[in-house]
Structures are given as C-alpha cells and as structure tokens.
Amino acid sequence: MADRRQKKPILVVHGPNLNMLGKREPEHYGTQTLDDINASLRVKAAELGLQISTFQSNHEGKIVEVIQEAVGRIKGLIINPAAFTHTSVAIRDAVLILDVPTIEVHLSNIHKRETYRHRSFIADIATAQIIGLGASGYLFALEALAQMIS
C-alpha cells in the first residue's frame with residue numbers, strides 16, 4: 001500500500017437525484033444506495049493508495065463550485081453528471097478548467113434510453129466514459145484513474 005503522503009487525490013462528483021439511488025427506478029439504476037457506492041469507492045481507493053473525496057448535489061452551481069475548488073488540488077475526476085449530462089455547459093466548462101484525467105460514469109446505458117439522454121456534454125472532453133455497468137462502473141473508473149496517474 002502507498003505511503004499516506006503519496007496518496008493521490010481523486011474527486012468523485014455525483015449529480016442530481018443520485019442521492020435517491022436504491023429507491024429510484026431500480027430497473028435502470030440498481031438497488032445500491034449512494035452511500036453503498038461511496039463506501040465501495042473508499043475501500044477501493046485505500047487498496048489503490050488513492051485519497052478520495054465524494055460530493056453529491058442536486059444543484060448545478062454547487063457542482064460547478066466544487067469542481068472549481070478542486071483546480072490544482074486533484075489528480076483525477078470521476079463524474080456522473082446525471083441529468084446535467086445532457087444540459088450543462090457550465091459543468092462542462094468547469095471540468096475543462098481542471099485539466100486532469102476525467103472519467104464520466106453512468107449507471108445505466110444512456111444510449112438505450114430516451115433519445116434526449118443520448119447526448120452528453122461531457123463525453124468529448126472526458127478521458128473515458130463508462131456506461132451501463134451499474135455501480136461497478138465507478139470502481140472500474142477508479143482503477144483506470146489509478147493507472148493513468150501512476
């Protein structure tokens with residue numbers, strides 16, 4: 001395991017309604033709660049020698065502010081913008097400012113859903129996109145970031 005001083009900081013941002021995971025449309029989003037996902041991420045981050053912080057908001061401006069505050073302080077970003085995926089130029093612009101490897105994660109396959117969900121404002125600026133693998137997608141994203149920033 002990596003020495004504590006060497007742990008590289010990763011930010012995980014969860015967008016709107018993800019605080020309702022486990023209750024909301026389990027056929028699309030599964031039965032795990034956001035707390036379950038974050039707990040799994042903390043365990044995996046410790047295994048990988050990473051320092052992880054998580055944030056969830058239903059408010060676009062708060063997400064933008066957290067991303068802006070991370071400039072120069074993190075080595076990688078995992079983001080599930082949720083509904084803001086399809087609407088937020090502001091979040092896109094904040095992600096661009098970071099200039100770190102960024103992985104966009106979606107629990108469901110957005111391309112198998114309603115047409116308006118097919119367009120992502122983050123996809124073309126993200127390093128990678130993981131969709132449709134449920135909560136496991138976050139863990140795969142963390143493993144990939146660990147390799148990218150090693």
> Which other residues end up in the same hydrophobic cluster as L77, if Ile, Leu, Val, Met, Phe, Trp and Tyr are linked when side-chain heavy atoms come under 4.5 Å apart?
Replying inline: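 Its cluster partners, ordered by chain and number, are L11, V13, F55, I63, V64, V66, I67, V71, I74, I79, F84, I91, V95, L96, I97, L98, V100, I122, I125.
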Quick one: [atom1] on [X] to [atom2] on [Y], what's the gap to the nearest 0.5 Å?
X    : Y    : atom1 : atom2 : answer
L142 : L48  : CG    : CG    : 5.5 Å
N80  : T85  : CG    : OG1   : 6.0 Å
R117 : I131 : CZ    : CD1   : 13.0 Å
S57  : E65  : OG    : CD    : 9.0 Å
S40  : Q32  : OG    : CD    : 5.5 Å
D93  : Q68  : CG    : CD    : 10.0 Å

> Are any non-hydrogen side-chain atoms of K75 and P101 less than 4.5 angstrom apart?
Replying inline: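 Sidechains of P101 and K75: no contact.
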> Do you know which of E104, R92, H106 makes side chain to side chain donor-acceptor pair (under 3.5 Å) with S120?
Replying inline: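 With S120 as partner, side chain to side chain donor-acceptor pair (under 3.5 Å) holds for just one option, E104.
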> If two hydrophobic side chains count as joined below 4.5 Å and joins carry through other members, does F121 share a cluster with I78?
Replying inline: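 Hydrophobic grouping puts F121 apart from I78.
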[X] versus [Y], closest heavy-atom pair with distance:
X    : Y    : result
A141 : I130 : N-CD1, 3.6 Å
N38  : T54  : OD1-CG2, 3.4 Å
A146 : L50  : CB-CD1, 3.9 Å
I52  : L41  : CD1-CB, 3.7 Å
P16  : A82  : O-CB, 3.3 Å
Q129 : A123 : NE2-CB, 3.7 Å

Among all residues two or more places apart in sequence or in another chain, which pass the side-chain hydrogen bond (donor to acceptor under 3.5 Å, both in side chains) test with [X]?
X   : value
N58 : Q56
T33 : D36
K44 : E47, E143
D99 : none

>> I need the single residue from T102, T127, I103 that forms a side chain to side chain contact (heavy atoms under 4.5 Å, CB included) with L145. Which is it?
In response: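 For L145, the side chain to side chain contact (heavy atoms under 4.5 Å, CB included) test succeeds with only one of T102, T127, I103, which is I103.
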>> Apply side-chain contact (heavy atoms from CB on, under 4.5 Å) to residues I149 and I10 and explain how you reach the verdict.
In response: CA-CA 10 Å; I149 65 175; I10 303 295; 3.6 Å; yes
>> Using a 3.5 Å distance criterion without hydrogens, assess whether the side chain of H118 forms a donor-acceptor pair with backbone atoms of H86.
In response: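 No: the side chain of H118 does not pair with the backbone of H86.
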> Going by the ring-ring contact (aromatic ring centres under 6.0 Å, His included) test, which pairs reach into residues 126-150, not counting sequence neighbours?
Replying inline: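 Found H14-Y138.
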